[in-house]
Peer 1: 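Sharing a structure with you now.
Chain A is the first sequence line, chain B the second, and so forth, proteins listed ahead of strands; every chain is numbered from 1.
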Amino acid sequence: MMPGLSMRRFLGLSMLLLVPSLVVAAPALEGEIQKQATNWTAIGMFAIFVAGTLFITKWAASRTKSASDFYTAGGGITGFQNGLAIAGDYMSAASFLGISAAVMSNGYDGLIYSIGFLVGWPILTFLMAERLRNLGKFTFADVASFRFAQTPVRVFAASSTLVVVAFYLIAQMVGAGQLIKLLFGLEYWMAVVIVGALMMVYVLFGGMTATTWVQIIKACLLLGGASFMAFMVMMSVGFSPERLFAGAVQIKTDIALGAGQAPDEAAAAGQSIMGPGNFIKDPISAISFGMALMFGTAGLPHILMRFFTVPSAKEARKSVMWATVWIGYFYLLTFIIGFGAILFVLTNPEFLEADGGLIGGVNMAAVHLADAVGGNIFLGFMSAVAFATILAVVAGLTLSGASAVSHDIYSSVLRQGRADSATELRVSRITTLALGVIAVILGIAFEKQNIAFMVSMAFAVAASANFPVLFLSILWKDMTTRGAVVGGFLGLISSVVLTVLSPSVWEATLGNPAGSAPFPYTSPALFSMTLAFLGIWLFSITDKSGRAAVDRAGFLAQQVRSETGIGASAASAH
Amino acid sequence: MQDKMLERIASDPNYQELRQKRLRFGWRLTIAMLVVYYGFIMLIAFSKETLAARIGDGVMTWGIPIGFGVILFTIIITAVYVFRANSEYDELTDRIRQEALK
C-alpha cells in the first residue's frame, strides 16, 4: 500500500519544521528524547523476557563452578551458538534505532555508516580468530602476553580493556536510560538501575553461560523482529526495490517542496537520499574513521573474549562466519527499515508532532514503524527487544571488565599466577558487583551529557591500543615486552587525547566554539594507530635487554601453538 | 610443550606448508577486503557523483548495488576463508598432530 497523494500534500505543509531536526540526526542515540506514557504491553513482554533469562541464569549458575566456567562457559559453546552470541554482543540498541533513524533522515549515509561496522570481521577472521583461540585462555591479554613479561603487558592490556569497557558501558547505560524512558515511560534513573541490577544478576550467578544465552536469545528476537518489519515493508511495495526507493524519493521531494524550495531543488533534495551526502567530509576523516571501525572491531575486549568460549579453532572460525552473516543481514534490514520509515512514519500524522517532528524524537523511527506495520502488540514486542538488547551488551562488557581485573591484574600480576580458581572466581564476582554499581552511578551522572563520542572513542582505543599489540605479538617475531608496553600505551594515550581534542568532544561536549578544536578530524585512528605501530617497532628493534632475547626466543613455541593448537588451553576439554 | 616435540613439529614439512599457505591466503584476502572497503570510501570522498548516478530511468542509483555489494562481499569472503580453513587446513593440522604425538 502506497501512501496516498492527498496525504503527501498535507505532509508538505505539516513537515515544514521537520527538516532542520532531520539534518542533525546522527546514528548514535542523541537528540531530544521525551518521556512517553507508560506502555504496559512493552513492560509485559519485557517481564516475560526477564523471567525466561532468569530461569536460564538459574540453570547456568548450577554449571558455573570454576573460573573457566565463569569466563568462558567451560569452552562448551558451539561455533553457531557463539556466532549468534557475538552478533548479540555487537548489535546494540543504538545501532538498531540510530542507523534506521539515520537512513530515514539521510538515506544512503546510514548505509555507509553501517558498512564500517561490518568490514572488521573478515580481518579478524583471516589473521586472528583461530590463533586467538589456540593461544588464549580467558582474556586477550593471555594472547598478548604469551611470550612476554607478564606484569607490564597485562597491566597495559587490563588498562586499555577497562578504558574501552568504561566508555562503551557508559554509552550503553545512558542509551538504556533514555530509551526506556522513551519506550516504557519509566523514569531515567529507574531504567538505569533496572539495567544495572539485571546485568549484575546474569553475570554474578550465571557468568559466561548465562551471558551467552542472553545474547543468543536477544540476537534471535532482534533479527526476527527486524526481519518481520523489513518483510512487511517490502510486501507493501510488491517486493520491488525501485518502488520502495521511488516512493521514498517522492515523499522527500514533497517535504522539500513543502519547505518552500523550488521544484528542481526539491527534486534534487528528494533524490539526494539515494547517494552519499555529508556524512564523509574530508578524505582524512573518512580513512581515519574507517580504520577505527575496521580495526576496532578486532580489538574490542568483550568480542575477543567470546573466542575463548568455543572448544577449537574450527569452531572459532565458524563463530566469526556466522557472526558476519547475521550482522551483515542485520544492516541490510536496518536499511530497508529506514526507507520503510520514510514511507509509513513520515506520512502518518499519528507519529508526528504538531510541528512535524517525530513523536519522541528522530530515534523513534523504527519504533513507530513497528507500530505501523505490526500494531500495538508488535510495538510492545520491539520495545522489549530493544531493552533486552541493551542488557545483553552490558552483560558482555561487564564480564570482560571483570575478567581484566580478576584474571589479568589480581591473579596474574598481584598473585603471580598462584591464585586458585575459587579465589579468582570470588574476585571476579566482587569486581562484577563493583563495575555494576559504578556503571549505574556513571549512567546517572552522564544523563544530560552529550555522549555521542563515547562509542567511537571505544572503537578508536580498541583499534589503536589493543589491535596493534595483539596483531604484532601474534605475527611479528622480533617484538619485545618493551615494544608492546611502550607502543600499546602510546596508542592508548594518543587515541584518548586526540578524541578529547577533536570536534565531537572539544566543541560538542566541552562547549568550545565551533571550529576551535585543535584536532580537526572525526577520528584519531589513522594517527594513533600509526603511532602505536611505530612505537612497537622502534622500541622492539632497539631493545637489546636480556628480556628481549627471551621474548624473541619464545616466538617459535608461540607460533607452533597458534598455528596447530597443540598444547592449547584445556578449555577444549568438553 | 617439550623442546623436542617443538622442534619436530617446526621441521615437519606439513607444518611449513600449513603456515605458509594459510598466511599467504589470509593476507591475500585481507588485502582484497582492504581494497574493496577503502575503494568504496575513496569513491565517497572523491567522487560522490559516481555513486549518486542513476542506473536507468528510475530513482535507483549505482550506490545501492555497490553498497549492498560491499556487504555481500564481506560475508562471502569470510565464508570462503572459513570453508577452506575448515577442510584443507584442518586436515594438515591433523596430520601434524599425528606426527607430533607419534
Peer 1: Please report the shortest heavy-atom distance between B/R97 and A/T564, naming the atom on each side.
Peer 2: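 Reported closest heavy-atom pair: NH2-O, 3.2 Å.
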Peer 1: Using heavy-atom distances under 4.5 Å, tell me whether A/F289 contacts chain B through its side chain, its backbone, both, or neither.
Peer 2: neither
Peer 1: For B/F73, is it the side chain, the backbone, both or neither that has a heavy atom under 4.5 Å from a heavy atom of chain A?
Peer 2: neither
Peer 1: Counting only heavy atoms from other residues, nucleotides and ligands, does the tally under 6.0 Å from CG of B/D57 exceed 12?
Peer 2: no
Peer 1: At a heavy-atom separation under 4.5 Å, does B/T93 approach chain A through its side chain, its backbone, both, or neither?
Peer 2: side chain
Peer 1: So how far is it from A/L293 CG to B/Y37 OH, rounded to the nearest 0.5 Å?
Peer 2: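 These two atoms lie 5.5 Å from each other.
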Peer 1: If I compare all heavy atoms of A/A246 with all of B/V59, which pair ends up nearest, and what's the gap?
Peer 2: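 Nearest pair, atom of A/A246 first, then B/V59: N-CG2, 3.4 Å.
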Peer 1: Give, for atom OG of A/S285 and atom CD1 of B/I41, the distance between the pair rounded to the nearest 0.5 Å.
Peer 2: 11.5 Å
Peer 1: Taking atom CD of A/Q559 and atom CG of B/L6, what is their separation to the nearest 0.5 Å?
Peer 2: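 CG of B/L6 is found 9.5 Å from CD of A/Q559.
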Peer 1: Applying the salt bridge (Lys or Arg N to Asp or Glu O under 4.0 Å) criterion to A/E563, which one of B/R19, B/K21, B/R22 satisfies it?
Peer 2: B/R22
Peer 1: Where do A/P283 and B/F46 come nearest, in terms of heavy atoms and distance?
Peer 2: CG-CZ, 3.5 Å
Peer 1: Taking the side chain from A/Y331 and the backbone from B/I71, do they hold a donor-acceptor pair closer than 3.5 Å?
Peer 2: no
Peer 1: Answer with side chain, backbone, both or neither: which region of B/F40 has an atom nearer than 4.5 Å to a non-hydrogen atom of chain A?
Peer 2: side chain
Peer 1: List the atom of B/I75, the atom of A/G328, and the distance in Å for their closest heavy-atom pair.
Peer 2: CD1-CA, 4.1 Å
Peer 1: Between A/Y329, A/F245, A/Y108, which shows the greatest number of heavy-atom pairs under 4.5 Å with chain B?
Peer 2: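 Counting heavy-atom pairs under 4.5 Å, the top option is A/Y108.
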Peer 1: Among A/L556, A/I327, A/T324, which has the most heavy-atom pairs under 4.5 Å with chain B?
Peer 2: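 Option with the top pair count is A/T324.
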Peer 1: Heavy atoms only, distances under 4.5 angstrom: which of B/L92, B/T30, B/D94, B/N86 has the most pairs with chain A? Name it, please.
Peer 2: B/N86
Peer 1: Which pair of non-hydrogen atoms, one from B/T61 and one from A/M274, has the smallest distance, and what is that distance?
Peer 2: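 B/T61 and A/M274 have their closest heavy atoms at OG1-O, 2.6 Å.
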Peer 1: What residue in B/G56, B/A45, B/G26, B/A53 has the most heavy-atom pairs under 4.5 Å with chain A?
Peer 2: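 With the most close heavy-atom pairs to chain A, the winner is B/G26.
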Peer 1: Does the pair B/L23 and A/L475 meet the rule for a side-chain contact (heavy atoms from CB on, under 4.5 Å), with working shown?
Peer 2: CA-CA 10 Å; B/L23 207 56; A/L475 292 169; 3.8 Å; yes
Peer 1: Please rank A/L111, A/L127, A/V249, A/D282 by heavy-atom pairs under 4.5 Å with chain B and give me the top one.
Peer 2: A/L127
Peer 1: Of the listed residues (B/W27, B/Y89, B/F83, B/F25), which shares the most heavy-atom pairs with chain A below a 4.5 Å separation?
Peer 2: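 So the answer, after comparing B/W27, B/Y89, B/F83, B/F25, is B/W27.
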Peer 1: Would you name the heavy atoms of B/D90 and A/K314 that are closest together and state the gap between them?
Peer 2: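 Answer, listing the atom of B/D90 first, then A/K314: OD2-NZ, 3.1 Å.
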Peer 1: Contact part of A/L118 toward chain B, heavy-atom cut-off under 4.5 Å: side chain, backbone, both or neither?
Peer 2: both
Peer 1: Could you measure the distance from the OG1 atom of B/T78 to the CH2 atom of A/W121? Nearest 0.5 Å is fine.
Peer 2: 10.5 Å
Peer 1: Run the numbers on B/V36 and A/V119 for side-chain contact (heavy atoms from CB on, under 4.5 Å), then give the verdict.
Peer 2: CA-CA 10 Å; B/V36 167; A/V119 292; over 6 Å; no
Peer 1: Quick one: of A/A286, A/G275, A/G290, who has the most non-hydrogen atom pairs under 4.5 Å with chain B?
Peer 2: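 Most heavy-atom pairs under 4.5 Å with chain B: A/G290.
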Peer 1: Please classify the contact between A/Q271 and chain B as side chain, backbone, both or neither, with a heavy-atom cut-off of under 4.5 Å.
Peer 2: side chain
Peer 1: CE/A/M294 to CE/B/M33 distance, rounded to the nearest 0.5 angstrom?
Peer 2: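 Taking CE in A/M294 and CE in B/M33, the distance rounds to 5.0 Å.
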Peer 1: Can you tell me how far OG1 of A/T125 sits from CD1 of B/I77, rounded to the nearest 0.5 angstrom?
Peer 2: 9.5 Å
